[in-house]
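Let me begin by presenting the structure, written as structure tokens, before commenting on it.
Chain letters run A, B, ... following the sequence lines, proteins first, then strands; residues in each count from 1. Scope of the values below: all heavy atoms of this structure, side chains included, with no hydrogens, waters or symmetry mates. Computed from a prediction, not measured in an experiment: that's the story for all the values here.
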Amino acid sequence: MLDKTYSPQDVEARLYKAWEAAGCFKHGVKAGKPYTIALPPPNVTGSLHIGHALNHTLQDVLIRWQRMRGRDALWQPGTDHAGIATQLIVERQLAQQQTNRHQMGREKFVERIWQWKAESGGMITGQQRRLGESCDWSRERFTMDDGLSAAVRKVFVELYREGLIYKDKRLVNWDPKMQTAVSDLEVESIEVKSHLWYFRYPVEGMADTFITVATTRPETMLGDTGIAVHPEDERYRHLVGKFAILPLVGRRIPIVADEYSDPEKGSGAVKMTPAHDFNDFEVGKRHDLEMINIFDRHAHLNENVPEKYRGLERFAARKQVVADLEELGLVEKIEPNTHMVPHDEKSKTVVIEPYLTEQWYVNAAVLAKPAIEAVEQGDIQFVPKNWEKTYFEWMRNIQPWCISRQLWWGHQIPAWYGPDGKVFVAYDEAEAQAEAHTHYGKAVTLTRDEDVLDTWFSSALWPFSTLGWPEQTPVLKSHYPTDVLVTGFDIIFFWVARMIMMGLHFTKKAPFHTVYIHALVRDEKGQKMSKTKGNVLDPLVLIDKFGADALRFALTIFAAQGRDVKMSEQRVEGYRNFATKLWNAARFAEMNGCALPDDFSPKSVNGTVNKWILGRLGQAVRDVDAALEAYKFNEAAGALYHFTWGTFCDWYLELIKPALTGEDEAQKAETQATCAYVLRQLIHLLHPFMPFVTEELWEKLYGAQKEQAGGGFLMLRDWPTDGARAEDKVAAAEIDWLIRLIDAVRAARSALNVPAGAKIAMQGVGDDPGLIRRLLRHNDPIKRLARIETITMEQTAPAGSGCARIVVDGTTFVLPLANVIDIAKEKARLAKERDKALTEIAKIDAKLGDATFVSRAPEAVVEEQRERRAAQTAMAEKLAEALAQLG
RNA sequence: GGGCGGUUAGCUCAGCGGUAGAGCACACCCUUCACAUGGGUGGGGCCACAGGUUCAAAUCCUGUACCGCCCA
């Protein structure tokens with residue numbers, strides 16, 4: 001016998017272990033067509049946050065669903081080495097021990113990170129298990145595994161040899177704290193309140209003539225090598241071609257005309273610091289301006305500035321420069337100004353510096369071309385479709401991808417330098433040596449490039465590198481290309497686009513046919529969750545409190561396409577209640593002997609209620625399948641929620657209670673069997689969404705007969721095919737009527753304050769034999785659910801005011817309530833009902849009276865309106881009669 | 001500045017040409033033999049605004065206003 005409530009804490013860990021031990025998660029447990037999802041690898045440093053929980057739940061729903069449908073499902077898990085994040089963690093540990101990586105040396109430091117990874121990395125995979133994820137852990141991969149590293153080297157070398165990877169000296173986004181380059185995408189612009197400084201630079205050879213420039217970064221003036229004005233700007237036309245003398249430095253800098261300068265902004269003249277600003281860099285190239293780098297790797301001023309400023313930190317330098325210019329009387333004015341300042345996207349505290357260095361780049365524009373075409377031609381489809389625009393927008397304007405990082409943790413770039421700096425890119429040192437030997441005609445000492453690759457470089461290969469590429473492994477052949485990629489929109493550029501580019505280039509196939517983009521999880525007020533705001537909902541806490549199933553179901557049912565998911569604890573609690581409801585429905589079935597006979601066939605069911613619920617079950621299966629096919633997770637979960645609670649529990653179980661306790665053994669047996677059958681199918685349908693409670697119910701309810709029922713775990717059973725069964729329309733119509741009848745009696749009772757315990761009589765008016773048969777058939781359920789004592793049919797209605805009257809499908813039912821009825825209330829109730837009908841009739845008449853509507857609307861629509869009018873008219877008439885009876 | 005999305009019941013959101021929906025919250029009734037993590041009933045909406053298309057618009061189009069997000 002089942003307990004009164006379901007307690008996830010006692011069940012989840014045990015079931016997960018059992019699944020994993022039995023090999024349920026491995027690909028190949030079903031022999032059908034392969035179905036593959038590559039899990040976006042979480043950072044090895046990470047812990048499961050609510051965003052992961054959503055992302056992973058949706059994938060698990062798909063995987064479990066497809067597995068049950070017989071597909072050879074593979075959900076490929078793993079973790080990402082997360083260059084900067086991981087290195088930072090270990091560096092912090094070192095700092096606590098009063099040491100640092102430089103003291104330690106590269107080799108020791110990297111060893112230390114591996115050690116950290118072995119001890120505390122991958123905590124997240126344990127947390128993923130708590131969520132119930134059915135990934136094939138036997139295939140778990142890490143982006144720095146040998147195999148994946150080999151894939152990285154191959155890709156680098158081949159792209160280099162094709163000329164698609166090259167070294168270039170240009171401005172990069174420089175993180176002065178980590179002392180590494182980062183890509184455009186790793187920079188976040190943050191609005192900062194600051195000032196706009198107006199400086200006066202003297203013009204050479206023109207006494208008392210100054211040109212005023214406006215800047216947000218005074219300290220960079222020490223690296224100015226020009227001034228730009230707009231060619232059409234009358235104010236400055238006479239100065240173009242002349243030189244200004246840079247204050248504090250004394251350098252002669254040319255005044256040039258360039259359209260970049262906006263006459264509306266500031267003074268209309270802009271100082272040019274080509275080595276420290278992306279726009280200035282472009283202008284500088286156009287006008288052949290000198291590039292003077294004034295910062296070192298820490299963004300402290302270097303030897304290219306006057307001695308006074310050398311060694312100053314950039315913000316200290318700013319103060320000093322302004323003070324000195326003020327002293328010289330060269331500050332015209334200072335305005336308050338709000339502008340966007342680039343920050344590192346991880347901590348958002350370090351100001352990123354445009355910095356002139358030599359780095360490795362991928363020629364992304366070339367790789368983007370086929371990647372754009374793949375989406376244009378529909379080889380890859382985004383769901384929802386509108387994300388394709390975002391993708392195109394970025395891909396069509398793609399910039400060279402800076403892939404080198406000045407870190408130690410990551411894939412070291414397979415490039416070696418000869419004594420004269422000549423570069424040899426090769427799979428390994430031996431190959432590089434051989435090439436060098438040929439080049440120099442003798443053996444030379446090579447030095448390996450110190451840099452490592454951007455983390456996203458290895459992630460870009462994930463869908464095929466995890467399957468063994470470049471080896472042509474069997475699993476690569478069977479499971480690549482993968483099917484769907486499920487991810488958030490925030491990494492479309494970082495990851496999705498790059499996977500498509502690399503996949504197409506190296507495998508000649510799109511790595512997946514569908515990209516499902518889900519929303520961000522926000523808090524209940526719609527705020528982005530962040531640790532600093534303290535509004536973070538920890539999925540593990542929610543799992544502890546309400547169970548993994550509740551969290552999964554909540555996430556799924558809120559995952560409507562194109563909207564953010566607003567999460568709150570209360571919502572999860574609501575779906576915990578749903579799990580309890582299902583549990584108790586099963587408990588009820590168990591208590592009432594609802595076992596499933598081996599030879600049960602839905603086709604041979606005779607009872608109307610049983611036929612009806614089988615029809616509704618079929619509809620539920622069709623709804624769930626259709627919704628999941630279209631990645632409408634919320635609709636799938638919603639359909640199941642309503643079927644389970646609103647149909648199966650609220651109506652079916654209530655309607656069959658009399659039969660289950662009744663004398664008619666044949667009816668009882670059929671009902672028990674049908675109930676058991678529907679419940680069994682229902683836990684199949686709910687399994688992808690709520691794997692634990694359904695598996696537990698399967699075990700408890702059908703454990704004894706598991707073997708004959710197909711054996712083993714629910715998660716490996718076959719998905720219901722009840723959707724193929726035609727619905728019995730007669731049964732559906734009859735039960736719909738029954739529900740309307742019971743609803744109407746309940747509403748009348750409630751409106752008239754008839755005590756819930758009071759049993760009353762009900763008398764139908766008329767002599768329709770079909771109606772009489774229906775009433776007879778459902779005599780017991782009506783009595784029970786509407787709390788009726790006796791049901792009779794009479795030719796004519798009894799007169800008098802001591803009765804309530806309801807109208808269902810044109811038939812009046814009289815409820816004699818002489819003792820309890822409040823006539824005024826009853827009149828008000830009936831009048832309200834009647835007026836509602838009259839309003840409807842008026843609306844319909846307006847439509848039907850419109851000649852263009854009748855002539856131009858489809859016949860079916862017109863007919864529908866006529867039918868509705870007839871029904872409403874009958875209703876209004878009966879209600880009017882009922883009112884008349886009350887006097 | 002460019003792009004995308006949103007505006008529907010108190011809250012969170014479905015619906016996206018043909019009778020305005022759900023969950024939660026609220027009010028009232030009920031411890032009736034699965035479940036009070038429950039059951040029953042009910043109140044509550046000019047579907048942001050203005051035009052247009054259509055026999056018919058919450059739904060399609062255009063514009064406006066506010067609110068988000070992304071990219072400069």
List, one per line, each side-chain donor-acceptor pair under 3.5 Å for residues 854-863 of chain A, sequence neighbours excluded.
unit_1: A:Ser855; atom_1: OG; unit_2: A:Ala851; atom_2: O; d: 3.1
unit_1: A:Ser855; atom_1: OG; unit_2: A:Thr852; atom_2: O; d: 3.2

Mind checking what makes side-chain hydrogen bond (donor to acceptor under 3.5 Å, both in side chains) contact with A:His343, not counting sequence neighbours?
->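 None.
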- Message: According to side-chain hydrogen bond (donor to acceptor under 3.5 Å, both in side chains), who are the partners of A:Lys847, at least two apart in sequence or on a separate chain?
- Response: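 Here no residue qualifies.
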Writing each nucleotide of RNA chain B 5' to 3' as (, ), [, ], | or . by Watson-Crick or G-U pairing under 3.5 Å yields ((((((((.[[[[.)..(..]]]].(((((.......))))).....[[[[[..)....]]]]]))))))).
- Query: What residues in residues 394-401 of chain A put a non-hydrogen atom under 4.0 Å from any atom of RNA chain B?
  - Reply: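 Here the set is empty: none.
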* Heavy-atom contacts under 4.0 Å between residues 869-878 of chain A and RNA chain B, which residues? ->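 Those residues whose heavy atoms fall under 4.0 Å from RNA chain B, taken from residues 869-878 of chain A, amount to none.
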Is there any protein nitrogen or oxygen under 3.5 Å from a nitrogen or oxygen in nucleotides 51-55 of chain B, and what are the pairs?
unit_1: B:C55; atom_1: OP1; unit_2: A:Arg856; atom_2: NE; d: 2.8
unit_1: B:C55; atom_1: OP1; unit_2: A:Arg856; atom_2: NH1; d: 2.6
unit_1: B:C55; atom_1: OP1; unit_2: A:Arg856; atom_2: NH2; d: 2.5
unit_1: B:C55; atom_1: O2'; unit_2: A:Asp850; atom_2: OD2; d: 3.4

I'd like a list of close polar pairs between nucleotides 33-36 of chain B and the protein, N/O only, cut-off under 3.5 Å.
unit_1: B:A34; atom_1: OP1; unit_2: A:Lys657; atom_2: NZ; d: 3.4
unit_1: B:A34; atom_1: O3'; unit_2: A:Arg587; atom_2: NH1; d: 3.3
unit_1: B:A34; atom_1: O2'; unit_2: A:Asn584; atom_2: OD1; d: 2.8
unit_1: B:A34; atom_1: O2'; unit_2: A:Arg587; atom_2: NH1; d: 2.8
unit_1: B:A34; atom_1: N7; unit_2: A:Lys657; atom_2: NZ; d: 3.3
unit_1: B:A34; atom_1: N6; unit_2: A:Cys649; atom_2: O; d: 3.4
unit_1: B:A34; atom_1: N6; unit_2: A:Glu654; atom_2: OE2; d: 3.1
unit_1: B:A34; atom_1: N3; unit_2: A:Asn584; atom_2: O; d: 3.0
unit_1: B:A34; atom_1: N3; unit_2: A:Ala585; atom_2: N; d: 3.4
unit_1: B:C35; atom_1: O4'; unit_2: A:Asn584; atom_2: OD1; d: 3.1
unit_1: B:C35; atom_1: O2; unit_2: A:Lys581; atom_2: NZ; d: 2.9
unit_1: B:C35; atom_1: N3; unit_2: A:Lys581; atom_2: NZ; d: 2.8
unit_1: B:A36; atom_1: OP1; unit_2: A:Lys4; atom_2: NZ; d: 3.4

Side chain to side chain donor-acceptor pair (under 3.5 Å): which pairs involve residues 542-554 of chain A, sequence neighbours left out?
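Counting only pairs at least two positions apart or across chains, the side chain to side chain donor-acceptor pair (under 3.5 Å) contacts touching residues 542-554 of chain A are A:Asp60-A:Arg552, A:Arg130-A:Asp544, A:Lys545-A:Glu569.
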Tabulated below should be each protein N or O lying under 3.5 Å from an N or O of nucleotides 24-26 of chain B; please produce it.
unit_1: B:C24; atom_1: O2'; unit_2: A:Gln570; atom_2: OE1; d: 3.3
unit_1: B:C24; atom_1: O2'; unit_2: A:Gln570; atom_2: NE2; d: 3.2

Write out a two-atom table: protein N or O, nucleotide N or O from nucleotides 27-30 of chain B, distance below 3.5 Å.
none

Which protein N or O atoms sit under 3.5 Å from an N or O of nucleotides 58-63 of chain B?
none

